[in-house]
Structure formats: structure tokens, C-alpha cells
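The next block holds one structure in the form of C-alpha cells; read it before the comments.
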Amino acid sequence: MRVPHVPQRYVLPPSQRPNLTLDLTTTLPIIDLSTLHHASQRSLTLDTIQGACKELGFFQVVNHCIPLPVIHDALAAATEFFNLSLEEKMSLLSDNVHNPVRYGTSLNHASDKVHYWRDFIKHYSHPISDWIHLWPSNPPSYKDKMGNYAKAVQVLHKQLMEAILETLGLNFGNLQKEIEEGNQLMAINCYPACPEPDLTLGMPPHSDYGTLTVLLQSGPGLQLQDNKKKWLSVPFVEGALLVQLGDQIEVMSNGQYKSVVHQVTLSAENKRLSIASLHSLPINKKIGPAPELVDEQHPVSYNEFSFRDFLDYISSNDIADKRFIDSIKKSV
């Protein structure tokens with residue numbers, strides 16, 4: 001847009017505006033995934049993952065076996081897509097959250113009361129052979145570059161789920177089929193430089209609906225809320241991937257682990273790209289608290305829900321007003 005001021009439709013009420021001067025010295029967990037393959041280190045690494053899931057619902061991972069060239073190619077494909085003409089991108093425009101491929105702006109441009117400083121393309125990605133023919137044909141290398149990354153993240157997600165379920169004392173084998181046949185939605189986001197970043201956000205505070213979100217970013221901008229509702233800025237670590245617990249894990253764990261509330265801040269100087277790989281169980285699979293984690297001291301705290309229930313919810317509700325997970329919590 002190259003405007004000198006933020007248009008009024010993007011300006012947030014003062015109470016919802018971001019604090020851009022948060023302390024960056026907070027140490028957030030960075031986990032070396034290669035240690036899971038060493039018997040002498042595995043137990044300690046699982047303890048670190050468990051602590052991160054309980055305290056934050058978030059950690060970063062390194063040595064995740066996704067090569068840097070694959071990561072760089074995915075970011076390059078995203079850059080090339082957002083550099084296309086507006087006319088070409090608009091051919092994919094949709095406000096229907098059920099569409100398998102859709103381009104858009106803000107959260108949902110058709111219904112947002114306040115707009116957010118973001119453009120995005122979203123597409124289903126697993127199994128990739130079912131969906132890739134629907135992905136953008138332009139830029140020409142998009143399907144190949146983004147496809148290679150999507151397949152690699154799907155493998156990583158399975159490894160992460162196995163570790164997280166182990167930390168809960170749950171048997172991965174009981175959910176393996178649903179995890180392997182589950183949904184993968186790639187949300188590729190562009191947050192342009194913003195002339196007044198203290199007045200608006202790229203994304204409002206929210207949690208993700210699924211099991212895990214694996215996030216690749218081109219630079220800093222993500223903030224998350226700790227268990228004391230204090231906002232923390234996530235430092236940018238070259239080559240690291242961010243792992244965010246979603247609502248399905250919070251429900252499955254009966255509240256032992258929390259889905260992380262996060263938001264996206266903006267920069268006056270720099271555009272930021274992110275590629276969020278959102279994983280969930282199959283679209284119609286109902287998920288509730290694992291029976292092994294329910295007893296007299298820990299009664300069932302959530303109603304069952306499916307990914308489809310979430311899509312129906314966001315079709316008629318603004319997640320900036322109320323989190324989906326709050327709608328399925330049982331009243332005490």
C-alpha cells in the first residue's frame with residue numbers, strides 16, 4: 001500500500017494494541033531433536049519437552065532433519081507468490097473457510113470488525129497427492145518448493161507427536177492411524193512493513209485449533225502469552241522451527257498442557273513471512289480428554305470436538321472476540 005499512516009479500519013482500540021518494547025532476554029526453550037535418538041539423552045529431552053508443554057505450550061526445535069535448502073526454497077516460493085500481481089492472486093480469493101485453497105487478507109476480510117495487517121494463502125497439504133493439483137500454478141516452482149517442505153514437516157510432526165504423547169504417558173500406537181491420516185493445512189503469511197506498527201497487529205491473540213503447528217519464519221514478530229498472561233517476544237533463530245501446541249492437545253491432555261495464545265506484531269522497516277503448518281486429527285474425528293488422564297481428582301474438563309466443529313465455529317464467530325476452546329470447556 002505504501003501509505004504514510006495506517007488506514008482507520010486497521011487501527012485497534014488502545015487496550016488491544018501491542019507492546020513493541022518487550023524484553024527479548026527471556027529464555028524460551030530450544031530443543032535439539034537429535035538427542036531423542038540417543039538413549040542416554042532421550043529422557044532428559046522428554047523432560048524438557050514436558051516442561052515446555054506445561055509452562056508455555058511452545059518450544060523451538062533445531063536439528064529437526066529438514067535441510068536448510070528446503071527451508072530457504074519454501075520461503076522463496078512464498079516471496080514469489082506474494083510478489084505476483086494482485087489480479088493473479090485475486091483469482092484465488094475466497095472468504096469460505098471450507099475451501100481447500102484460498103487467498104485472503106486479515107482473518108476473514110468479509111466479516112472482520114477490525115482488519116489485520118496480513119495477506120495469506122492457505123491450502124490443504126496431506127496427503128499431498130490429493131491436494132497439490134489445486135495449489136497455485138504460478139509461480140512455476142511453487143508446487144515443487146512448497147510441496148517438498150510440506151512433506152518434510154509432515155514427517156517432523158509425527159516425530160513430535162510421538163514425543164509429546166510419551167510425555168503424557170499416552171500410547172502413540174492408539175492414535176497413530178488418526179495422526180498419519182490427519183489434516184495438514186499450510187498457511188503462508190505475508191506481513192508487509194507497517195508505517196505505524198504500534199497501532200495494529202498482523203494477527204490478533206489466538207490459539208490454533210489442531211494438535212501442533214510447526215512455524216517457519218523469516219524474522220522476528222511473534223509474541224506468545226505465558227501462563228501468567230504476560231506477553232513474551234519470540235527471538236528469531238536462523239534454521240529453527242517453532243512448535244506451538246493447539247487446542248486438540250489441550251483437550252486430549254485434559255488441560256495438563258495448554259494451547260499457546262500468540263499474536264503477530266509488525267515492523268516499520270521489514271516485511272515478515274511465515275509458513276505455518278497446522279496439523280490436526282482427521283476433519284470429522286471427535287477428540288476428547290484421554291481416558292487415562294481422567295480420574296476423580298481430574299474430571300473431564302472439555303467437551304469433544306472435531307476440526308469440522310472448529311471450521312463451523314469460525315464461520316460465524318470472531319476468534320478475536322472469543323477463543324474456540326472456551327466454547328467447549330465444561331463449566332465447573
Side-chain angles (χ1 to χ4, degrees), residues 16 50 52-58 95-99 107-108 111-113 122 124 157 160-161 164-165 167-172 174-175 177-179 181-185 187 203-215 224-229 243-263 276-332:
Q16 296 173 28
Q50 183 180 52
C53 291
K54 281 184 174 177
E55 294 294 315
L56 290 169
F58 167 92
D95 59 9
N96 182 352
V97 299
H98 296 275
N99 276 7
L107 287 178
N108 190 327
S111 58
D112 291 341
K113 294 193 281 286
K122 294 184 177 183
Y124 289 129
H157 149 259
L160 290 166
M161 280 297 294
I164 288 168
L165 291 178
T167 66
L168 284 166
L170 300 177
N171 185 343
F172 176 73
N174 294 344
L175 273 173
K177 186 169 185 287
E178 283 90 348
I179 289 167
E181 295 176 358
N183 245 283
Q184 180 186 21
L185 176 70
M203 284 278 279
H206 68 287
S207 60
D208 296 333
Y209 59 84
T211 50
L212 299 178
T213 298
V214 180
L215 185 79
L224 58 88
Q225 214 172 50
D226 68 12
N227 54 11
K228 299 182 181 71
K229 301 207 179 297
V243 180
Q244 299 165 189
L245 269 58
D247 294 344
Q248 287 186 343
I249 289 285
E250 179 167 336
V251 169
M252 198 186 304
S253 73
N254 202 30
Q256 284 191 36
Y257 293 172
K258 300 296 183 189
S259 56
V260 63
V261 176
H262 51 287
Q263 65 182 14
S277 183
L278 296 109
H279 299 267
S280 65
L281 300 182
I283 191 163
N284 294 313
K285 168 72 177 174
K286 292 280 189 182
I287 184 79
E292 302 95 314
L293 303 178
V294 174
D295 56 30
E296 281 187 27
Q297 284 76 41
H298 307 93
V300 171
S301 299
Y302 304 84
N303 295 311
E304 290 187 335
F305 83 100
S306 67
F307 178 24
R308 189 175 297 282
D309 295 332
F310 169 80
L311 290 175
D312 292 342
Y313 179 88
I314 63 168
S315 296
S316 53
N317 293 274
D318 186 348
I319 61 163
D321 289 339
K322 183 181 180 182
R323 291 174 65 199
F324 168 72
I325 198 163
D326 292 334
S327 72
I328 58 167
K329 284 180 179 171
K330 285 184 174 287
S331 51
V332 179

Under 3.5 Å, is there a donor-acceptor pair between the side chain of N303 and the main chain of K330?
no
Counting only heavy atoms from other residues, nucleotides and ligands, does the tally under 6.0 Å from NZ of K54 exceed 12?
no
Correct closest heavy-atom pair for L293 and M252 would be CD1-O, 3.7 Å
Could you check whether any side-chain N or O of Q248 sits under 3.5 Å from a backbone N or O of I287, counting only pairs where one atom can act as donor and the other as acceptor?
no
Can you list everything that forms a salt bridge (Lys or Arg N to Asp or Glu O under 4.0 Å) with D295? Sequence neighbours excluded, please.
none
Run the side-chain contact (heavy atoms from CB on, under 4.5 Å) test on D226 and L56 for me, step by step, so that the C-alpha distance in whole Å, both residues' side-chain angles and the decisive distance to 0.1 Å come before the verdict.
CA-CA 5 Å; D226 68 12; L56 290 169; 3.8 Å; yes
Between L281 and K285, what is the shortest heavy-atom contact and its length?
CB-CG, 4.1 Å
Sole candidate of T213, D247, D208 that passes side-chain hydrogen bond (donor to acceptor under 3.5 Å, both in side chains) when paired with S259
D247
Give me the atom names and distance for the closest heavy-atom approach of V261 to P205.
CG1-CB, 4.0 Å
Using modelled atom types only, decide if a donor and an acceptor are shared between the side chain of H262 and the backbone of Q225 within a distance under 3.5 Å.
no
Heavy-atom closest pair, residues Y257 and I164:
CE1-CG2, 4.1 Å
Within a strict 4.5 Å, meaning less than it, do heavy atoms of the I249 and M161 side chains meet?
yes
Let me confirm one number: the CG-CZ distance from L185 to F307, rounded to the nearest 0.5 Å.
6.0 Å
About how many Å separate CG of L224 and OG of S207, when rounded to the nearest 0.5 Å?
12.5 Å
Taking atom CD1 of I283 and atom OH of Y124, what is their separation to the nearest 0.5 Å?
4.5 Å
List the residues meeting salt bridge (Lys or Arg N to Asp or Glu O under 4.0 Å) with D309, not counting sequence neighbours, and say none if there are none.
K286
Nearest atoms (heavy-atom pairs only) where G288 meets E304
CA-CG, 3.9 Å
Expected output: side-chain Q50 to main-chain T167 donor-acceptor under 3.5 Å:
yes
Nearest heavy-atom approach of E250 to S253 is O-OG, 3.1 Å
T211 side chain near I179 side chain, heavy-atom distance below 4.5 Å
no
Please collect all ring pair (Phe, Tyr, Trp, His ring centres under 6.0 Å) contacts where either partner lies in residues 280-305, sequence neighbours excluded, each pair once.
F305-F324
Under a plain distance cut-off of 3.5 Å, with no hydrogens placed, do Q184 and H157 share a side-chain donor-acceptor pair?
no
G255 backbone acceptor or donor facing K258 side chain under 3.5 Å:
yes
